[in-house]
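Before any comments, here is the structure.
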Amino acid sequence: MIKIKLAISFSALAVLFDVTVQTCCNYFYDTVGILSKVLHCMVFWADKEDVLKNLPKCFNRYKCTRVVLDCFEVAIEKSKCIQCRVRSYSHYKKNNTAKFLVLITPSGLVSHMCPAFGGRASDKCITEHSGIYQLCDPGDGIMVDIGYDIDQECLDNMLKLIRPTFLRKSRQFTRAESVECAKIARARVHVERLIQRIRQYQILKNKVPWCIIPYLDDIAVIVSALVN
């Protein structure tokens, strides 16, 4: 827990607990998998009735919203493998990153944390592999940011896409469009706040060493459960 919360090096932890560095690493790697399985029940897909019962006022205009989703990236150490470097390089962050898609209820509860992708993966690609279209019921609303081009996928699965309006070329927003964008942004801020709480755990805020990459999915589940 100290490693996850504060991202202290294994060498420092070995001194604190009076064990060898290798023993410290072994304890961490073994426990992370077990702890992820134990806490996985804390990250669950909420029923539609529970979502409606806990709907914040800013979602009154979007009562069909079942889930709000967004991606966040975690900086990782460069791999010696060129192929791994290419797959994990994020042009947005100008760094090698691991990318997570987090799904939350309108009330701010993590309902699903998708496995990590390389920073090169697009938001659309990660959303397709998340299984969200199968989790939602027909008629449910999905609230996303402007960058999510999933109109056709939502249409095919009979889902309502709630997204700020795109600014087309050589024109300005109308007053109605500006008001609508502001209301969606006011509702979407819940997912930004939740990502901020996730990043309070320093292991997902600082650059992740390559030796911890295989355990990153388990760490994300643990952090999500603790945030909930």
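- Side chain of Asp70 to backbone of Val191: no donor-acceptor contact under 3.5 angstrom is found.
- Remark: side-chain polar atoms of Asn157 are paired, donor with acceptor, to backbone N or O of Glu153 under 3.5 angstrom.
- Put simply, the side chain of Asn54 gets close to the backbone of Asp50: a donor and an acceptor are under 3.5 Å apart.
- Rounding to the nearest 0.5 angstrom, the gap separating the CG atom in Leu161 from the CG atom in Leu155 is 10.0 Å.
- Taking the six-membered ring for Trp and the full ring otherwise, Phe117 and His129 have centroids separated by under 6.0 Å.
- Classification of Lys53 and Glu49 as a salt-bridged pair fails, no side-chain N sitting under 4.0 Å from a carboxylate O.
- Listed here is the closest heavy atom pair of Leu204 and Arg199: O-NH1, 3.6 Å.
- A salt bridge links Lys48 and Asp140; the closest N-O separation between the charged side-chain nitrogens and carboxylate oxygens is under 4.0 Å.
- With Asn26 contributing its side chain and Gln22 its backbone, the two residues share a donor-acceptor pair below 3.5 Å.
- For the residue pair Ser107/Thr105, the side-chain donor-acceptor check at 3.5 Å is satisfied.
- Panel note: side chain Thr65, backbone Val67; no donor-acceptor pair is recorded below 3.5 Å.
- Taken to the nearest 0.5 Å, the CG atom of Leu194 stands 11.0 Å off from the CG atom of Leu103.
- To the nearest 0.5 Å, atom CD1 of residue Ile184 and atom CD1 of residue Ile146 are 9.0 Å apart.
- Figure legend: cation-pi geometry between Lys5 and Tyr201, with NZ or CZ positioned under 6.0 Å from the six-membered ring centre and within 45° of its axis.
- A donor-acceptor pair under 3.5 Å links the side-chain atoms of Asp217 to the main chain of Ala116, judged by distance alone.
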Residue pair Ser88, Asn96: steps toward the side-chain hydrogen bond (donor to acceptor under 3.5 Å, both in side chains) verdict: CA-CA 5 Å; Ser88 63; Asn96 291 86; 2.8 Å; yes
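- Within the 3.5 Å criterion, the main-chain N or O of Lys94 finds no donor-acceptor partner in the side chain of Ser90.
- Ring geometry for Tyr215 versus Tyr29: interplanar angle under 30°, hence parallel rather than tilted (30 to 60°).
- Partner of Arg163 under the side-chain hydrogen bond (donor to acceptor under 3.5 Å, both in side chains) criterion, out of Asp149, Asp145, Asp151: Asp151 alone.
- Between atom CG of residue Asp218 and atom CD1 of residue Ile212 there is a gap of 12.5 Å, rounded to the nearest 0.5 Å.
- Residues Phe44 and His112 fail the side-chain proximity criterion, which asks for heavy atoms closer than 4.5 Å.
- Panel note: side chain Lys99, backbone Ala121; a donor-acceptor pair is recorded below 3.5 Å.
- Residues Ile2 and Phe17 meet the side-chain proximity criterion, which asks for heavy atoms closer than 4.5 Å.
- Within the 4.5 Å cutoff, the side chain of Met143 has heavy atoms near those of the Tyr62 side chain.
- For the pair Lys3 and Phe10, the distance from NZ or CZ to the six-membered ring centre is under 6.0 Å and the angle to the ring normal is within 45 degrees.
- For the pair Tyr133/Thr127, a side-chain contact is recorded, criterion being any heavy-atom separation below 4.5 Å from C-beta on.
- Atom CG of Asp156 and atom CE of Met158 lie 10.0 Å apart (nearest 0.5 Å).
- Both Trp210 and Phe28 are members of a single hydrophobic cluster when ILVMFWY side chains are connected at heavy-atom separations under 4.5 Å.
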